[in-house]
Chemist: 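This is the structure I want to talk about, given as C-alpha cells.
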Amino acid sequence: MFQGMEYVYEVYRERSFLKAAQNMFISQPALSATVKRIEQRIGYPIFDRSTKPLKLTECGERYIQSVEKIMEIQNDFSNFINDLGDLKTGKLVLGGSSLFTSWILPPFMKEFSTRFPLVKLTLIEESSAKLEQLLQTGGIDLVIDNHMPDPAIYDSIVFQNESLLLAVPKSFPVNEPLAPFQISAQSIADLSFLAHDIPPVPLKKLEQEPFIVLKPENDTRTRAMELCQESGFLPRILFEVDQQMTSYNITCSGMGISFISNTLISRVPPNPNVVYYKLGGKSSSRNVFFSWKSGRYFSKAMKEFLKIAVGKV
C-alpha cells in the first residue's frame, strides 16, 4: 500500500503533479499514472483534483500522516547505520530563519564539512512556524531559532543570549530629543551597550512613528507588542514581514522603525542612515536555541554539529 509513497509525498509537498514530476525527473503522465495505481490499491482517492492547488482528501490526510511516520522511522534507522560507519556517509538537515542561515550557521557548516566531508549538509530557510512543522515531521534534524519550542515535544540547548534593539531611520525628527539614548553599532558589537549605566530609550516617545513588525507567529513580533503595551501604546504598523533582515532593510530605506536583535546588528555592515536604541523590560532579552524532536534517534552527525556550534551536548 505504501510502495511508491515517495511519488505521492512529492505531489503533496508541491501541491502540483507538474512540479513534482519535474523534481523527480519523470513525465507528468507517468507520475499521474503511478499515483492513480496507489489510489486504486487503497480504494479511495488521495488528492482532490478539482481544487487548485491540489488538496488532500480525508483519506489522503491519513495517508500522508502515515508516510511521514514511515519516513521518520527510515531516517532514524539510516542515522543509526551511518553512526556505525563513523560518519563516512549520511546527511544532516539544518533549519533557521534568514538571519541565522546567513550569519550564524555558515562557519559551523564549513567546519563540520571539513571534518566530515562525506556527510551531506542541507540548509532550509523558513519562518519559525514552518521550521517547527518541519522539525515535528522529521523534515529537519536541527533548528536554530530564538523561539523556545514546547519542551514536551522538543529538546533544546541554549546557543546564546540576545537582546532586542530599536532601529530607527536617522531622518526621523524624533531622534533629536532622543539623542542621549542612542547607542553605537560598536557598542552593540562588543556588548558594552548592556552596561547598567546605559539607559533604555523611553519607548512611549515613539508611539506616533510608523513601525515595521514581523508577522504574528514570530517571537520578535510577540515581544515587540509586549514592549509597546508595557509602554502604554500600540504601534502604528506600516508593514508586516516574515524576517528580521527584511524589517531592517526597510528601516535602512527610511520608511519605519523596526525591532532588531543585536545578533543581526553585530554582523551586518553599519548603516549610516540608521540609529539604534537600547530597549528595557524582560521581553527585550531572550535565548537562541538549537532544537530537535524529543524521542527521535539523536544521530552522531547531530551530536558532532552541536559540539562545533555550542561546544557541548
Chemist: Is there a donor-acceptor contact under 3.5 Å from the side chain of N75 to the main chain of M71?
Modeler: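 No: the side chain of N75 does not pair with the backbone of M71.
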Chemist: Nearest 0.5 Å, what's the CD1-CD distance between I140 and Q133?
Modeler: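 With rounding to 0.5 Å, CD1 (I140) is 10.0 Å from CD (Q133).
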Chemist: Looking at Y44, I want to see if its OH is surrounded by more than 12 non-hydrogen atoms of other residues, nucleotides or ligands under 6.0 Å.
Modeler: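 Count not over threshold, so no.
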Chemist: Hey, could you give me the CD/CE distance between E111 and M109, rounded to the nearest 0.5 Å?
Modeler: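 The CD atom of E111 sits 13.0 Å away from the CE atom of M109.
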Chemist: Between the main-chain N or O of N262 and the side-chain N or O of S266, is there a donor-acceptor pair closer than 3.5 Å?
Modeler: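 Checked: pair present.
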Chemist: Hey, does the side chain of R37 reach the backbone of G4 with a donor-acceptor pair shorter than 3.5 angstrom?
Modeler: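 A pair under 3.5 Å: no.
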Chemist: Counting N and O atoms only, with roles assigned by atom type, does the side chain of E240 sit under 3.5 Å from a partner on the main chain of K215, one being a donor and the other an acceptor?
Modeler: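 Here the side-chain-to-backbone pair does not exist.
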Chemist: Does a sphere of radius 6.0 Å around CZ in F233 hold more than 12 heavy atoms from other residues, nucleotides or ligands, not counting ones at 6.0 Å or beyond?
Modeler: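 Yes, enclosed.
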Chemist: With no hydrogens and no angle check, just 3.5 Å: does a side-chain donor-acceptor pair link T263 and Q244?
Modeler: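 No, Q244 and T263 have no side-chain donor paired with an acceptor closer than 3.5 Å.
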Chemist: Between the main-chain N or O of I46 and the side-chain N or O of T57, is there a donor-acceptor pair closer than 3.5 Å?
Modeler: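 Yes, the answer is positive, given that a donor and an acceptor are paired below the 3.5 Å cut-off.
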Chemist: Less than 4.5 Å apart, side chain to side chain, heavy atoms only: is that true for C59 and I42?
Modeler: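 Result yes, sub-4.5 Å side-chain heavy-atom pair found.
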Chemist: Determine, step by step, whether E72 and D76 satisfy the side chain to side chain contact (heavy atoms under 4.5 Å, CB included) criterion, reporting the C-alpha distance in whole Å, the side-chain angles of both residues, the deciding distance to 0.1 Å, and the verdict.
Modeler: CA-CA 6 Å; E72 184 175 357; D76 283 352; 4.2 Å; yes
Chemist: Indicate yes or no: does D141 engage R296 in a salt bridge with an N to O separation below 4.0 Å.
Modeler: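 Yes, this pair counts.
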Chemist: When W292 is tested against each of F305, Y154, F298 for ring pair (Phe, Tyr, Trp, His ring centres under 6.0 Å), which residue passes?
Modeler: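 For W292, the ring pair (Phe, Tyr, Trp, His ring centres under 6.0 Å) check succeeds only for F298.
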Chemist: Are I237 and F239 connected in the hydrophobic side-chain network, where two residues link if heavy atoms are under 4.5 Å apart?
Modeler: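 No, it is not one cluster - the side chains of I237 and F239 are not joined through contacts under 4.5 Å.
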Chemist: Partners of D150 by salt bridge (charged side-chain N to carboxylate O under 4.0 Å, His left out), sequence neighbours excluded?
Modeler: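 Residues passing salt bridge (charged side-chain N to carboxylate O under 4.0 Å, His left out) with D150: none at all.
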Chemist: Determine, stepwise, if the pair L94 / F108 fulfils side chain to side chain contact (heavy atoms under 4.5 Å, CB included).
Modeler: CA-CA 11 Å; L94 306 171; F108 301 143; over 6 Å; no
Chemist: Are L18 and I26 connected in a single hydrophobic cluster, I mean Ile/Leu/Val/Met/Phe/Trp/Tyr linked by side-chain heavy atoms less than 4.5 Å apart?
Modeler: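 Result: no, two separate clusters.
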Chemist: Between D155 and S294, does any side-chain donor sit less than 3.5 Å from a side-chain acceptor?
Modeler: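 Judged by distance alone, the side chains do pair up.
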Chemist: Does E10 come within less than 4.0 Å of R13, counting only side-chain N to carboxylate O?
Modeler: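 Salt bridge flag = yes for R13 with E10.
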Chemist: Let me confirm one number: the CD-OG1 distance from E125 to T101, rounded to the nearest 0.5 Å.
Modeler: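 Rounded to the nearest 0.5 Å, the CD-OG1 separation comes to 3.5 Å.
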Chemist: Test your reading of the model: is there a side-chain donor-acceptor pair from D48 to the backbone of S50, 3.5 Å cut-off?
Modeler: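 Yes.
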Chemist: In terms of hydrophobic clusters joined by side-chain contacts under 4.5 Å, are V174 and M255 together?
Modeler: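 Each belongs to a different hydrophobic cluster.
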Chemist: Does the E6 side chain pair with the main chain of M24, one donor and one acceptor, at a distance under 3.5 Å?
Modeler: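 No.
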Chemist: Tell me the closest heavy-atom pair linking Q136 and K293, and the distance in Å.
Modeler: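 Where Q136 meets K293 most closely, the heavy atoms are O-NZ, 2.9 Å.
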Chemist: For the hydrophobic clusters of this structure (ILVMFWY residues joined by side-chain heavy atoms under 4.5 Å, transitively), does one cluster hold both L164 and L178?
Modeler: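 The answer is yes; both residues are in one hydrophobic cluster.
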Chemist: Is the shortest side-chain heavy-atom distance between N271 and T251 below 4.5 Å?
Modeler: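 With C-beta onward as the side chain, the pair stays apart.
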Chemist: Do F116 and L121 pass the side chain to side chain contact (heavy atoms under 4.5 Å, CB included) test, and can you show the C-alpha distance, the side-chain angles, and the key distance before you say yes or no?
Modeler: CA-CA 10 Å; F116 308 105; L121 276 178; over 6 Å; no
Chemist: Other residues, nucleotides and ligands only: do more than 12 of their heavy atoms fall within 6.0 Å of CZ on R62?
Modeler: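 Result for CZ/R62: open.
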Chemist: Same cluster or not: V93 versus M302, using hydrophobic residues (I, L, V, M, F, W, Y) connected whenever any side-chain heavy atoms lie under 4.5 Å apart?
Modeler: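 In one cluster: no.
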Chemist: Contact between V241 and I250 at the side-chain level, heavy atoms closer than 4.5 Å - yes or no?
Modeler: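 Heavy-atom side-chain distance check passes, below 4.5 Å.
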Chemist: Taking the side chain from S163 and the backbone from S285, do they hold a donor-acceptor pair closer than 3.5 Å?
Modeler: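 Checking the backbone N and O of S285 against the side chain of S163, no donor-acceptor pair under 3.5 Å is found.
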Chemist: Have a look at L166 and tell me which of I260, V275, L206 forms a side-chain contact (heavy atoms from CB on, under 4.5 Å) with it.
Modeler: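 For L166, the side-chain contact (heavy atoms from CB on, under 4.5 Å) check succeeds only for L206.
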Chemist: Nearest 0.5 angstrom please: H147 NE2 to L131 CG, how far?
Modeler: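 The CG atom of L131 is 10.5 Å from NE2 of H147, to the nearest 0.5 Å.
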Chemist: What are the two closest heavy atoms between E226 and S283, and how far apart are they?
Modeler: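 So the two residues come closest at OE1-OG, 2.6 Å.
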Chemist: Taking atom types as modelled and ignoring hydrogens, do the side chains of Y277 and Q182 form a donor-acceptor contact shorter than 3.5 angstrom?
Modeler: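 The answer is yes; a qualifying pair exists.
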Chemist: Are R286 and T220 linked by a side-chain donor-acceptor pair shorter than 3.5 Å?
Modeler: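 Yes.
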Chemist: How about NZ on K204, more than 12 heavy atoms from neighbouring residues, nucleotides or ligands closer than 6.0 Å, or not?
Modeler: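 Check passes, neighbour count above 12.
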Chemist: Take a 6.0 Å sphere around CZ of F290 and say whether it holds more than 12 heavy atoms from other residues, nucleotides or ligands.
Modeler: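 Atom CZ in F290 is crowded, with more than 12 foreign heavy atoms closer than 6.0 Å.
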Chemist: Is the distance between the ring centroids of Y12 and F47 under 6.0 Å?
Modeler: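 Centroid distance F47-Y12: not below 6.0 Å, so no.
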Chemist: Mind listing the closest non-hydrogen atom pair of S284 and L227 along with its distance?
Modeler: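 In terms of heavy atoms, the two residues are closest at N-CD2, 4.1 Å.
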Chemist: Measuring from K307:NZ to E304:CD, what's the distance to the nearest 0.5 Å?
Modeler: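 With rounding to 0.5 Å, NZ (K307) is 4.5 Å from CD (E304).
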Chemist: Is any side-chain heavy atom of Q229 closer than 4.5 Å to one of L234?
Modeler: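 A side-chain contact exists here, since the closest heavy-atom pair is under 4.5 Å.
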Chemist: Checking the side chain of Q243 only, and the main-chain atoms of S98 only, is there a donor and an acceptor separated by less than 3.5 Å?
Modeler: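 Answer holds: yes.
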Chemist: Would you say D190's side chain and S192's backbone share a donor-acceptor pair under 3.5 angstrom?
Modeler: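 Answer holds: yes.
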Chemist: Please report the C-alpha distance between D242 and S127 in whole Å, then the side-chain angles of each, then the deciding distance to 0.1 Å, and finally whether the side chain to side chain donor-acceptor pair (under 3.5 Å) criterion is met.
Modeler: CA-CA 7 Å; D242 286 310; S127 66; 5.7 Å; no
Chemist: To the nearest 0.5 angstrom, please state how far the NZ atom of K91 sits from the CG atom of N79.
Modeler: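 Output value for this atom pair is 8.0 Å.
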Chemist: Is there a side-chain contact between I257 and P169 in this structure, where contact means two heavy atoms from C-beta onward sitting under 4.5 Å apart?
Modeler: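 A side-chain contact exists here, since the closest heavy-atom pair is under 4.5 Å.
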